[in-house]
There are 2 protein chains.
Amino acid sequence: MVVPVAAKRRKLSNPLALAVMVTLCQGPMHPYEIAQTLRRQGKDTSTKINYGSLYTVVQNLEKHGFVEVADIERKGNRPERTVYGLTGAGREEMTEWLSELLARPVKEFPIFETALSLLGALHPDEAVTLLEERVKNLEVQAAGERGALEKLYESVPRLFLVEVEYQLHMTEAQTEWVRGLLKELREGSMLGVEGWRHFHETG
Amino acid sequence: MVVPVAAKRRKLSNPLALAVMVTLCQGPMHPYEIAQTLRRQGKDTSTKINYGSLYTVVQNLEKHGFVEVADIERKGNRPERTVYGLTGAGREEMTEWLSELLARPVKEFPIFETALSLLGALHPDEAVTLLEERVKNLEVQAAGERGALEKLYESVPRLFLVEVEYQLHMTEAQTEWVRGLLKELREGSMLGVEGWRHFHETG
DNA sequence: CGCGATATGTTCGATCACGAATATTCGGAT
DNA sequence: ATCCGAATATTCGTGATCGAACATATCGCG
């Protein structure tokens, strides 16, 4: 089997679309129910669920034949609820997309990286203060994540918590790195810090 | 001084806007020149620079008074080049925004996290194969980043490379974590793996 | 029973993002 | 001289995004 080296452009790129397809694997649902299911399963911490986007995404999935209308319900006087089911093409797209995401790291642009690259625009003392604050915040965040995880272990198999464990690991990694940076900044050992300070103090 | 606990909504949220303001600190420029400067300084690895977005962003910055037209050049027959400069309000917004980004971690949604949370949709053996491939890819990526860094150390002060070091650190952290996950999956020690397999093999 | 609060569902439109197209100039090879 | 590809510089149309508004149902409680 030949693995395509360049990722092909997908017809839908919103991650929510993938989450929707996976959810519909569990059976036909209407959009709102999809959102509820995702939330109930805690997927909303790893995928941004936006009602605004949800309906558009489902529509687009239908347009491309990945889902189809399975039923149109009407209970009482409420607006109709269109129930969607996953198609064969949908299942295939889902598997392929998910596989690609797992196997291939993609370059993303976390906002903290941007901020770091622009660090020079602040006074070095200010930078140190701010990064110290970040470390504190990260510690709180990590503690929260650990706590949540402990609770969840009691009711959910680990399999369904991998992404939470990953999050925690990455939070810890970030904390560690920022601590290292702070150390170098405070010791002034980092090449270029004197120049930086001088630049900001004279202009 | 009271630190606002909730981040106030910014008039501009595109990170490119921040990068633009920081660049204009160095002096007035026209949009294209801003992009060149960012690229020359390697900022394009940490901020997504999109020509399509650039002009819109600069316009919006102007609309909100963060930059202003400093000059309109015309050389030969080319289209006019509008040269922009940072305003006082712009400098303030820049400092405040950058400070917030450094001090406060924000929840983002990296696509790999989504993929992890949906892992159960694939057969466990398939998941293992794919994650092994990811580890290989991550190793290549890390090697590349390390190489680039070595080269850059020769010509650029460390201060301007912090974001690259951060990237590398995070790549390594991710690799380590995926390796751990793989180990657990292969050993079958992870709670729930048998059920997972069974589910996929019977349907 | 009547009231507000909360949960259930969906739609809309203003804004945003960005690939691709456009248009000109410059440098170097022929 | 002239042709061509790369660099310079900007615009535009399409499509995505998402907060907020809308509308109804259900539930708890006095």
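Labels below follow one simple rule: chain letters A, B, ... track the order of the sequence lines, proteins then strands, and each chain is numbered from 1.
With hydrogens and angles left out, the side-chain atoms of B/Q141 and B/E145 include a donor and acceptor closer than 3.5 Å.
Pairing each heavy atom of A/S117 with each of B/K43, the nearest pair is O-CE, 3.1 Å.
Pairs passing the ring-ring contact (aromatic ring centres under 6.0 Å, His included) check and including a residue from residues 85-110 of chain B, sequence neighbours excluded, do not occur.
D/dA25 atom P lies 15 Å from atom OH of A/Y32, rounded to whole Å. When the C1' atom of C/dT8 is taken as reference, atom CG of A/L54 falls 13 Å away, rounded to whole Å. Atom CZ in A/R81 sits roughly 12 Å away from atom C1' in C/dT10 (whole-Å rounding). The separation between B/R39 atom CZ and D/dA9 atom C1' is 13 Å, rounded to whole Å. Distance B/H30 NE2 to D/dA9 P: 5 Å, rounded to the nearest Å. Atom C1' of nucleotide C/dG9 and atom CE of A/M29 are separated by 16 Å, given to the nearest angstrom. Protein atom CD1 of B/I72 is 15 Å distant from nucleotide atom C1' of D/dA9, rounded to whole Å. In this entry the distance linking OH of B/Y55 with C1' of D/dT11 reads 9 Å, nearest Å.
Contact annotation: the side chain of A/L101 approaches that of A/L18 to within less than 4.5 Å [non-hydrogen atoms, C-beta and beyond]. The shortest side-chain heavy-atom distance between B/L159 and A/V193 does not fall under the 4.5 Å cut-off. Within the 4.5 Å cutoff, the side chain of B/P124 has no heavy atoms near those of the B/L185 side chain. Counting heavy atoms from C-beta outward, A/R10 and A/E100 have side chains that approach closer than 4.5 Å.
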Footprint string (nucleotides 13-18 of chain C, 5' to 3'): B base within contact, S backbone only, - free, heavy atoms under 4.0 Å: ---SSB
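Salt-bridge formation is detected for the pair A/E184/B/R158: a Lys NZ or Arg NE/NH1/NH2 atom is positioned less than 4.0 Å from an Asp or Glu carboxylate oxygen. Remark: B/R81 does not engage B/E33 in a salt bridge, criterion side-chain N to carboxylate O under 4.0 Å.
The side chain of A/Q36 has C/dT8 as its nearest neighbour among C/dG9, D/dT10, C/dT8.
The strand DNA chain C forms stems, runs of 3 or more Watson-Crick or G-U wobble pairs with distances below 3.5 Å, at C:1-30 with D:1-30.
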